[in-house]
Q: 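Sharing a structure below in structure tokens format, with a few things to ask.
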There are 2 protein chains.
Amino acid sequence: MYSAAMGTNETSERLVEATRELLWERGYTGTSPKAVQRAAGAGQGSMYHHFAGKRDLALTAIRRTAEEMDAAAGAVLEGEGSAYARIEAYLLRERDVLRGCPVGRLTMDPEVIADPELRAPVEEVLDRLRARLAAVVREGPESGGPDPEETAAAIVATVQGGYVLARATGSPAPFDSAVRGLLALLAPLKPSH
Amino acid sequence: MYSAAMGTNETSERLVEATRELLWERGYTGTSPKAVQRAAGAGQGSMYHHFAGKRDLALTAIRRTAEEMDAAAGAVLEGEGSAYARIEAYLLRERDVLRGCPVGRLTMDPEVIADPELRAPVEEVLDRLRARLAAVVREGPESGGPDPEETAAAIVATVQGGYVLARATGSPAPFDSAVRGLLALLAPLKPSH
DNA sequence: GTCTATAGGCCGATAGAC
DNA sequence: GTCTATCGGCCTATAGAC
């Protein structure tokens, strides 16, 4: 079974990484154990030795992906600079836009949403992201302005929806456009104001 | 084969409607011909008599869903009221939030994105929505303000991303929160300003 | 138009040898 | 740990009777 201390080229490690990639690209419903095995270079028996099944493997993969996203968001939002600068840095961060969000993508999967354990990491990481953004917004000026929680929700939603627009178009442009539009609307948060 | 003039309880009609529902809930990859047949109360032979296969049926279903969404958006955005009022009406329109957007949802399906014909209606309807919103934004005050195209992209993205947050949480609340947050940021568009 | 039969292949998993 | 064999069932059709 998987252990945090194991090396990085163990079979179970490759299985988890392959699952993460396939989950990102095809979702849970669209990812088969056979496809995971092929991508990981592991056999059937090998996969079922390390994991109880597709769901178990996906659970491990989803949890890791959520952790990584959480850490990445924290690094930007708890970094240096004014509130506006950190939000800007978050929004302009380099992204694999056309691949979409590896976490947000899972919300469109009915089997993930129907399974509390699979859904939990998705919900948690998006909730934490909103909370972090709300905290940053609260730091800014405009104490009588828009509700920080709602502003934060709009920021996360713009990013998640930006992926949808980009994938629909086959181009990252609408994502960048949405982000620039939001930043313009957030101008009142700028230190100069 | 399907004809626009046919009655509403024909078998092919039921097949299209069943496909629309399943596409909405489970996506293209997650929807099987057998499931469609069951939902439509039609047999195997019947389905393949009316449609060339799963892809053909999905194409018909997706096109219709896109048309409906286009018409609904047009009705609100080309209605009465100030620019802000129409954007507000669009954002506050009643939605089946937890089901997500039947069009946007398809962008997460790799088989849809990889197939130009299946993707086209998705791209077109979202592009038209952005263009319509940009036109409304342009009507508003603030001629020197944010770029209307970018503002429109942010609006569409907020809605699409709102669905993601709602589904992650299992509650429509984050969708409403994001929409209220965006409306607060759009306050400069209000006639009173 | 609709039905049943058939097809080759994958689905997700289990069993047991090595 | 990994392999092969096997399972019942679904996947996406195609064929041909009725």
Side-chain angles (χ1 to χ4, degrees), chain A residues 1-23 25-62 106 109-112 114-115 117-118, chain B residues 1-23 25-62 106 109-112 114-115 117-118:
Chain A
M1 294 299 257
Y2 175 74
S3 124
M6 82 176 39
T8 199
N9 214 20
E10 301 282 348
T11 295
S12 79
E13 183 59 23
R14 291 198 322 271
L15 284 164
V16 173
E17 285 304 313
T19 302
R20 296 217 298 152
E21 289 298 311
L22 285 164
L23 246 29
E25 191 182 327
R26 309 190 44 84
Y28 183 78
T29 302
T31 296
S32 70
K34 171 173 278 199
V36 171
Q37 290 151 212
R38 197 181 315 122
Q44 188 97 330
S46 201
M47 192 196 106
Y48 283 98
H49 170 74
H50 291 288
F51 298 92
K54 172 180 170 173
R55 201 194 86 112
D56 183 39
L57 190 40
L59 194 52
T60 303
I62 291 173
L106 299 170
D109 206 306
E111 302 192 55
V112 170
D115 184 328
E117 233 172 344
L118 290 178
Chain B
M1 293 299 255
Y2 174 74
S3 121
M6 82 175 36
T8 199
N9 214 19
E10 302 281 349
T11 295
S12 80
E13 184 58 21
R14 292 200 320 273
L15 284 164
V16 173
E17 286 304 314
T19 304
R20 296 217 297 151
E21 290 298 310
L22 285 164
L23 246 29
E25 192 182 328
R26 308 189 44 82
Y28 182 79
T29 302
T31 296
S32 71
K34 171 173 276 196
V36 170
Q37 291 150 211
R38 197 181 314 123
Q44 188 99 330
S46 202
M47 190 197 108
Y48 283 99
H49 170 74
H50 292 289
F51 297 93
K54 170 179 170 173
R55 202 194 86 112
D56 184 39
L57 190 40
L59 193 51
T60 303
I62 291 173
L106 299 170
D109 206 306
E111 301 192 54
V112 171
D115 183 328
E117 234 172 343
L118 290 178

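As a basis for the values below, the full set of heavy atoms in this structure was taken, side chains included, without hydrogen atoms, waters or symmetry mates. Below, chains carry the letters A, B, ... as their sequence lines are ordered, and counting in each starts from 1. Because the structure is a prediction, the values reported are computed rather than measured.
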Q: Is the shortest side-chain N/O distance from B:T11 to OP1 or OP2 of C:dG1 below 4.0 Å?
A: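 No, no such contact exists.
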Q: Considering only NZ, NE, NH1 and NH2 on the basic side and carboxylate oxygens on the acidic side, decide whether B:R20 and B:E17 come within less than 4.0 Å.
A: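 Looking at B:E17 together with B:R20, the answer is yes, because their closest N to O distance falls below 4.0 Å.
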Q: Whole angstrom is fine here: how far is it from CG in A:D56 over to P in C:dG12?
A: 14 Å
Q: Take the protein atom NE2 of B:H49 and the nucleotide atom P of C:dT4, then report the distance between them rounded to whole Å.
A: 17 Å
Q: Pairs under 3.5 angstrom only: tabulate donor-acceptor contacts from the side chains of residues 29-36 of chain A to other protein residues two or more places apart or in another chain.
A:
{"residue": "A:T29", "atom": "OG1", "partner": "A:D109", "partner atom": "OD1", "Å": "2.6"}
{"residue": "A:T29", "atom": "OG1", "partner": "A:E111", "partner atom": "OE2", "Å": "3.0"}
{"residue": "A:T31", "atom": "OG1", "partner": "A:L22", "partner atom": "O", "Å": "3.3"}
{"residue": "A:T31", "atom": "OG1", "partner": "A:G27", "partner atom": "O", "Å": "2.6"}
{"residue": "A:S32", "atom": "OG", "partner": "A:A35", "partner atom": "N", "Å": "3.1"}

Q: Nucleotides 12-18 of chain D: which of its N/O atoms have a protein N/O under 3.5 Å away?
A:
{"residue": "D:dT12", "atom": "OP1", "partner": "B:K54", "partner atom": "NZ", "Å": "3.0"}
{"residue": "D:dT12", "atom": "OP2", "partner": "B:P33", "partner atom": "N", "Å": "3.4"}
{"residue": "D:dA13", "atom": "OP2", "partner": "B:K54", "partner atom": "N", "Å": "3.4"}
{"residue": "D:dA13", "atom": "O5'", "partner": "B:Y48", "partner atom": "OH", "Å": "3.3"}
{"residue": "D:dA13", "atom": "N7", "partner": "B:Q44", "partner atom": "NE2", "Å": "2.9"}
{"residue": "D:dA13", "atom": "N6", "partner": "B:Q44", "partner atom": "NE2", "Å": "2.7"}

Q: How long is the line joining CG of B:L57 and P of D:dC11, in whole Å?
A: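 About 15 Å, once rounded to whole Å.
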Q: Report the distance from atom CD1 of A:I62 to atom CG of A:L23, rounding to the nearest 0.5 Å.
A: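 Atom-to-atom, A:I62:CD1 and A:L23:CG are 5.0 Å apart.
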Q: Using atom CZ of B:R14 as one end and atom C1' of C:dG1 as the other, report the distance to the nearest whole Å.
A: 12 Å
Q: Can you check the A:R38 CZ to C:dG12 P distance for me, whole Å?
A: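 One finds 12 Å between P of C:dG12 and CZ of A:R38, rounded.
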Q: Side-chain N or O of A:H50 less than 4.0 angstrom from OP1 or OP2 on D:dT2?
A: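 Yes.
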Q: Taking CD from A:E111 and P from C:dC11, how many angstroms apart are they, rounded to a whole number?
A: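 Value for this atom pair: 13 Å.
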Q: Would you check if the side chain of B:S46 reaches a backbone N or O of B:A42 as a donor-acceptor pair within less than 3.5 Å?
A: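 Side chain of B:S46 to backbone of B:A42, a donor-acceptor pair under 3.5 Å: no, none is there.
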Q: Would A:K54 and A:Y48 count as a cation-pi pair here, with the cationic atom under 6.0 angstrom from the ring centre and within 45° of the axis?
A: no
Q: Quick one: pull up CG in B:L15 and CG in B:L57 and give me the separation to the nearest 0.5 Å.
A: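 Going from the CG atom of B:L15 to the CG atom of B:L57 covers 6.0 Å.
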Q: Over how many whole Å does the gap from A:M47 atom CE to D:dT4 atom P extend?
A: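 The distance from CE of A:M47 to P of D:dT4 comes to 16 Å, rounded to the nearest Å.
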